[in-house]
Amino acid sequence: MVSKEDIMYIADIAKLNISTDELDSAIEKFTQLLKFVDKIKEVDTENVEPTYQVNDDTYILKDYEGNATLTREEVLQNTKEQKYGYFKIMKVVE
Amino acid sequence: MAYKTIIGLEIHVELATKHKIFCNCPNEYGAEANTLVCPICLGLPGALPVLDKEALEYGIKAGIAFNGSISNIIKMDRKNYFYPDLTKGYQISQAEIPFCDGGYIEIELEEGTKKITLNRIHIEEDTGKQLHSEDGMTLIDFNRAGVPLIEIVTNPDINSAEEAKLFLDKLRAILKYIGVSNVKMEEGSLRCDVNINVVNTKSNVKSNITEIKNLNSFKAVVKAIEFEEKRHIELLEAGSNTDRETRRWDETKGETIIMRKKFGVSDYRFAEDGDIPPIKIAGEWIEEIRKSLPELPHAKKERFIKEYNLSDYDAGVLTQSKELSIFFEDTLKYIDDSKLVSNWIMGDVLRRLNDDEIEIEESNLKPKDLAELLILIRDGKINNNTGKKVLKEMFDTGKSPETIVKEKGLIQISDEGALKEIIEKVLSENEQSIIDYKNGKDRALGFLVGQIMKASRGKANPQLVNKMLLEIINER
Ligand SMILES: [Zn+2]
């Protein structure tokens, strides 16, 4: 059983808004999910190589000559606030 | 009470590749804000990161140079956390399998060589840069987002600030030798975090590990370690303990200040990056990279000792920087006297570089010019003291020694006739000194030599002056 505190902590670091009304159902769903993971863990994978993808495993590393950048206008076009070509935000205190 | 300090370092090194690690933005320092960004490094929806070959190659070079074992599979993971300088809400890094496992760097201590072992080296992307303004606002520049980084994590093998400094010096020298990074702390291409605690060697009581960030010079690393060492011991002595937390070095206050409680590893919810499938690395490619590595400081030092008959210490200093070692060998192409060249570099040349706080490659001095200067001295055209003055002028102006000697009329007077004239004149003005000398006051002779050198404006050949002066006085 997942605790209320666990859910609230995970919601906090994942920046999810979970209201008090949703809390009980979130606990329920999360608990189900973990049970499912436990079920998967029962499968014996002792001698099985992991599969990360189903394509063949030739991956081409990037090795280009040219550059590709956006203009600063393009970069900043969707931001609400900018200053001197920078994105401007409220200071985040750590 | 005896305490042992236990230190582990995490060093972030920006790789000096042409492009960023997952996109084709140029990897450059100092450009105007937000002019080196694209949909990939901005983390725009639908953008697909692709791993850069050169970045991986540079990383592997460093891994080999630090004696690590290179993984034959490259797997990238997402490190999830929220911060304004992180565009995607996760950093593409390596968790489960670093590209390089283990390794070590040797440092030279008085009691001998010490091996500092490495835990791992992984490759990842850098984040953007924040500027905090007075009015509580933050400005963000994403030019740095996606610059390739390697993170070198040591085991807790370091036991003092001094050892940490030696380790960082060595690490920087090797990275410079292999040319994978600019390793400039002031530009942020080399950044170091310190993990530290102390243990009471009698009771075995340990303080909790604290992490120190925001160290922007090797000096700051040393000072922060010394500060924390003391703080940890004092807390244990008082029956208390440190908190497991991240602290920041405040340069002006000269102390560490709490930033936050440490974020645990599981809090980052690492998961494989689905955009970048695991990549198998051909052993031949790793071999090719290994062969492309230049001679490393340690090997070069051993060679210098054998080939040029240098002392362990001199060879160590001359190979500390790649550029200095090249300068030394280039000078030897013009004058075949390793002892003389090493003496001058170890002495006046390094002193001047230290005074100016610059590296040899940033100075006006050229190997060929230094060799010419030493030939002038060796051949007796100028004396040692004049040589020092000429060297200073060479540093100041970049002119060749021949030019300086001609312009200033510094050629040593070795002509016996001319010297005799000067000596006679000085003697006639200092009759008392001759009497003093004859009465057994040896100091009078030194005074006379000084006067003669002065009268010749430093150009007299000192050996000749000594010899002739004695002859002339004894004849009187
Ligand atoms: Zn980009």
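What's counted below: heavy atoms across the whole structure, side chains too, no hydrogens, waters or symmetry copies. Note on naming: letters A, B, ... go to the chains in the order of the sequence lines (proteins, then strands), and numbering restarts at 1 for each one.
- Considering only heavy-atom pairs separated by less than 4.5 Å from chain B, the leading option among T69(A), L76(A), V75(A) is T69(A).
- At a 4.5 Å heavy-atom cutoff, C41(B) makes no contact with chain A through either its backbone or its side chain.
- Here the rule is side chain to side chain contact (heavy atoms under 4.5 Å, CB included) with S93(B), and of E124(B), R78(B), E125(B), M76(B) only E124(B) fits it.
- Salt-bridge formation is detected for the pair E228(B)/R247(B): a Lys NZ or Arg NE/NH1/NH2 atom is positioned less than 4.0 Å from an Asp or Glu carboxylate oxygen.
- Contact of I21(B) with chain A is made through the backbone alone, with heavy-atom distances under 4.5 Å.
- Heavy-atom proximity under 4.5 angstrom to chain B picks out nothing from residues 20-33 of chain A.
- Using a 4.5 Å cut-off between heavy atoms, I10(A) does not touch chain B at all.
- Among E54(B), H19(B), H132(B), the residue making the largest number of heavy-atom pairs under 4.5 Å with chain A is H19(B).
- K61(B) pairs with exactly one of I150(B), I70(B), L293(B) by the side chain to side chain contact (heavy atoms under 4.5 Å, CB included) rule, that one being L293(B).
- With values rounded to the nearest 0.5 angstrom, R248(B) atom CZ is found 11.0 Å from I258(B) atom CD1.
- Checked for salt-bridge contact, K291(B) and E288(B) miss the test: no charged N lies under 4.0 Å from a carboxylate O.
- Ranked by heavy-atom pairs under 4.5 Å with chain A, the first of I74(B), V50(B), D135(B) is V50(B).
- You'll find the side chain of Q91(B) stays beyond 4.5 Å of the side chain of Y268(B), heavy atoms only.
- Proximity to chain A (any heavy atom under 4.5 Å) is restricted, for F142(B), to the side chain, taken from C-beta onward.
- Residues meeting the side chain to side chain donor-acceptor pair (under 3.5 Å) test with D6(A), sequence neighbours left out: S3(A).
- Among pairs with a residue in residues 29-51 of chain B, those fulfilling side-chain hydrogen bond (donor to acceptor under 3.5 Å, both in side chains) read R72(A)-E32(B), at least two apart in sequence or across chains.
- For L51(B), the parts sitting under 4.5 Å from any heavy atom of chain A are the backbone and the side chain alike.
- We find that R191(B) and E14(B) are joined by a salt bridge, their nearest charged nitrogen and carboxylate oxygen being less than 4.0 Å apart.
- Applying the side chain to side chain donor-acceptor pair (under 3.5 Å) criterion to E74(A), with sequence neighbours excluded, gives T71(A).
- Contact annotation for K75(B): only side-chain heavy atoms (C-beta onward) come within less than 4.5 Å of a heavy atom of chain A.
- Counting heavy atoms from C-beta on, the side chains of T210(B) and I196(B) come closer than 4.5 Å.
- With a threshold of 4.5 angstrom between heavy atoms, L56(B) approaches chain A through side-chain atoms but not through N, CA, C or O.
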